[in-house]
S.K.: 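I am attaching a structure below and will ask some questions about it afterwards.
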2 protein chains.
Amino acid sequence: MDKIDRNIVTILQKNADVTNAALAEQVNLSPSSCLRRVQRLKRTGVIKKTVAIIDDKVLGRNLIAVVEVDLDRHGAQAQAVLHERLRQEISVTQAYGITGESDCLLILKLADMDEYRQVCERLFNHDKNVIRFRTSFVMNVIQS
Amino acid sequence: MDKIDRNIVTILQKNADVTNAALAEQVNLSPSSCLRRVQRLKRTGVIKKTVAIIDDKVLGRNLIAVVEVDLDRHGAQAQAVLHERLRQEISVTQAYGITGESDCLLILKLADMDEYRQVCERLFNHDKNVIRFRTSFVMNVIQS
DNA sequence: CAGCTTTATGCAATAATATTGCATGGACAA
DNA sequence: TTGTCCATGCAATATTATTGCATAAAGCTG
């Protein structure tokens with residue numbers, strides 16, 4: 001993990017569509033050396049995967065919600081159930097355990113309010129460990 | 001944007017490393033037809049870009065912060081300045097204008113507390129429009 | 001429904017790109 | 001120095017993406 005490797009991941013993080021030859025030129029390496037570095041970065045888990053970024057509007061997932069969740073018990077056992085449910089839920093794009101007022105922060109990408117209602121039903125209303133949750137909706141995306 | 005297109009974007013959203021031939025097989029198309037669909041999806045902006053997902057730990061950006069920001073004035077003019085600064089700041093990975101108690105929600109990916117301090121300095125302390133901000137730190141990533 | 005236009009499809013040829021073997025040279029330790 | 005290890009570049013090769021073309025399907029219009 002030297003300077004060149006960091007250079008490579010910085011470039012691929014922004015745009016993984018570049019050809020190996022173009023990438024090699026940007027980092028001043030021959031295509032073969034560059035490729036072998038990329039392969040190693042993938043093999044060792046530095047590059048976890050590459051994904052396509054899809055326009056949410058097109059897929060009809062234009063409604064973004066931010067949910068703070070307060071939990072009753074913080075034992076590993078009690079939380080594991082919720083965590084698993086969060087991972088199952090396709091609209092939950094991010095979920096963090098956080099310090100401060102609340103215990104969890106979720107980012108949801110939803111089709112509409114009806115889907116929001118359904119998700120809440122599944123995640124919270126049936127879980128006694130969830131004491132309370134507060135939702136804000138995203139009015140404008142400044143950066144993502 | 002038919003069923004096949006949706007199928008394609010769903011697959012590429014999870015893994016953009018698949019070869020065109022493999023993708024074609026998964027959606028029951030010939031490689032050439034499949035490729036032409038992918039090209040169109042890119043051309044029309046459905047697929048915005050493809051990026052490599054990098055292990056944050058490796059890059060030394062292991063500290064995630066969630067920041068809620070309260071603004072004084074909500075005029076477009078006053079907000080534009082902050083928005084631009086948010087976009088400049090490399091550690092700000094997401095920024096949303098939201099409903100509810102606060103006005104903005106930020107997700108920061110940081111190297112350490114010192115970087116957090118510096119970012120706050122740059123973003124908030126010099127901006128009279130920022131009345132208050134509250135930060136939570138991520139203890140564990142449940143889903144991302 | 002026939003006739004027309006438009007669009008998507010698959011095949012095969014071609015172009016572009018990724019991948020590998022191999023020889024060389026630099027860095028480092030004994 | 002000498003030997004080992006590893007990264008590098010070149011050139012050959014293997015994969016993969018891309019395009020031209022003929023055909024078929026889907027819409028449209030009268």
Side-chain angles (χ1 to χ4, degrees), chain A residues 1-62 90-91 93 109 111-112 115 144, chain B residues 1-62 90-91 93 109 111-112 115 144:
Chain A
M1 200 61 198
D2 59 5
K3 200 168 180 178
I4 298 177
D5 279 347
R6 275 190 294 276
N7 207 345
I8 289 174
V9 298
T10 305
I11 292 169
L12 293 181
Q13 204 169 24
K14 288 181 197 145
N15 174 24
D17 272 328
V18 287
T19 65
N20 180 56
L23 179 63
E25 200 184 344
Q26 287 186 65
V27 298
N28 291 314
L29 276 183
S30 72
S32 59
S33 286
C34 182
L35 181 67
R36 274 186 266 249
R37 278 175 179 264
V38 173
Q39 288 173 331
R40 191 183 36 167
L41 289 168
K42 286 182 179 173
R43 187 158 26 85
T44 58
V46 175
I47 297 176
K48 294 201 283 189
K49 57 179 175 175
T50 100
V51 301
I53 305 297
I54 308 301
D55 189 337
D56 290 326
K57 289 198 192 82
V58 176
L59 286 180
R61 298 202 152 265
N62 212 4
I90 194 167
S91 62
T93 60
K109 289 202 175 178
D112 49 37
E115 190 182 353
S144 72
Chain B
M1 199 61 197
D2 59 4
K3 199 169 181 176
I4 298 177
D5 280 346
R6 275 190 294 276
N7 208 343
I8 289 174
V9 297
T10 306
I11 293 169
L12 293 182
Q13 204 168 23
K14 287 181 197 145
N15 174 23
D17 272 329
V18 287
T19 64
N20 180 57
L23 178 64
E25 200 184 346
Q26 288 187 63
V27 300
N28 293 314
L29 275 184
S30 70
S32 58
S33 286
C34 182
L35 180 67
R36 274 185 265 251
R37 278 177 179 264
V38 173
Q39 288 172 332
R40 190 182 37 164
L41 290 168
K42 287 182 179 173
R43 187 157 27 84
T44 58
V46 176
I47 297 175
K48 294 200 282 188
K49 56 180 176 176
T50 100
V51 301
I53 305 297
I54 309 301
D55 188 337
D56 289 328
K57 289 197 191 83
V58 177
L59 288 180
R61 297 201 152 266
N62 213 5
I90 194 166
S91 62
T93 59
K109 290 203 173 176
D112 50 36
E115 189 182 353
S144 71

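Side chains are part of it too, since the values below use all heavy atoms of this structure and drop only hydrogens, waters and symmetry mates. Just so we're on the same page: letters track the sequence lines, and every chain starts at 1.
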S.K.: Out of the candidates N7(B), L29(B), N15(B), V18(B), only one should pair with L23(B) under the side chain to side chain contact (heavy atoms under 4.5 Å, CB included) rule; please name it.
M.R.: V18(B)
S.K.: Which residues pass the salt bridge (Lys or Arg N to Asp or Glu O under 4.0 Å) test with K49(A), sequence neighbours left out?
M.R.: none
S.K.: Go through the steps for I54(B) and I47(A) under the test side chain to side chain contact (heavy atoms under 4.5 Å, CB included), then give the verdict.
M.R.: CA-CA 5 Å; I54(B) 309 301; I47(A) 297 176; 3.8 Å; yes
S.K.: Expressed in angstrom and rounded to an integer, what is the separation of N28(B) atom CG from dA8(C) atom C1'?
M.R.: 16 Å
S.K.: Based on the rotation axes of five pairs at each end, what angle does the helix from dC1(C)-dG30(D) to dA30(C)-dT1(D) bend through, to 10°?
M.R.: 40°
S.K.: Between P on dA25(D) and CD1 on I4(B), what's the gap in Å once rounded to a whole number?
M.R.: 14 Å
S.K.: Run the side chain to side chain contact (heavy atoms under 4.5 Å, CB included) check on V51(A) and Q13(B) step by step: do they pass?
M.R.: CA-CA 5 Å; V51(A) 301; Q13(B) 204 168 23; 5.9 Å; no
S.K.: Among all residues two or more places apart in sequence or in another chain, which pass the salt bridge (Lys or Arg N to Asp or Glu O under 4.0 Å) test with D17(A)?
M.R.: K42(B)
S.K.: Test of understanding: with side chain to side chain contact (heavy atoms under 4.5 Å, CB included), list the residues that count as partners of T10(A), not counting sequence neighbours.
M.R.: K14(A)
S.K.: When you check every protein heavy atom under 4.0 Å of nucleotides 11-17 of chain D, what one-letter string (B, S, -) results, 5' to 3'?
M.R.: -----SS
S.K.: Determine the minimum heavy-atom distance between A16(B) and T50(B), stating which atoms define it.
M.R.: CB-CB, 4.4 Å
S.K.: Could you run through nucleotides 24-29 of chain C and give me one letter per nucleotide, 5' to 3': B if any protein heavy atom sits under 4.0 Å from the base, S if only the sugar-phosphate is that close, - if neither?
M.R.: ------
S.K.: Given atom CG of L41(A) and atom P of dA7(D), what is their separation to the nearest angstrom?
M.R.: 11 Å
S.K.: Expressed as a whole number of angstroms, how long is the span from E25(A):CD to dA18(C):P?
M.R.: 13 Å
S.K.: Test of understanding: with side chain to side chain contact (heavy atoms under 4.5 Å, CB included), list the residues that count as partners of N20(B), not counting sequence neighbours.
M.R.: P31(B), C34(B), L35(B)
S.K.: Tell me the interatomic distance from D17(A), atom CG, to dA18(C), atom P, rounded to whole angstroms.
M.R.: 11 Å
S.K.: Can you pull every protein N or O that's under 3.5 Å from an N or O on nucleotides 4-6 of chain D?
M.R.:
none

S.K.: Base, sugar-phosphate, or nothing for R36(A), non-hydrogen atoms under 4.0 angstrom?
M.R.: base
S.K.: Among all residues two or more places apart in sequence or in another chain, which pass the side-chain hydrogen bond (donor to acceptor under 3.5 Å, both in side chains) test with S32(A)?
M.R.: S30(A)
S.K.: Holding to salt bridge (Lys or Arg N to Asp or Glu O under 4.0 Å), I want the full list of residues that pass it with D55(A), two or more places apart in sequence or in another chain.
M.R.: none
S.K.: Suppose the criterion is salt bridge (charged side-chain N to carboxylate O under 4.0 Å, His left out): which pairs have a residue in residues 23-39 of chain B, not counting sequence neighbours?
M.R.: D2(B)-R37(B), D5(B)-R37(B)
S.K.: K48(B): which residues meet the salt bridge (Lys or Arg N to Asp or Glu O under 4.0 Å) condition with it, sequence neighbours left out?
M.R.: none
S.K.: Search all heavy atoms of A111(A) against all heavy atoms of R61(A) and return the closest pair with its distance.
M.R.: N-NH1, 4.1 Å
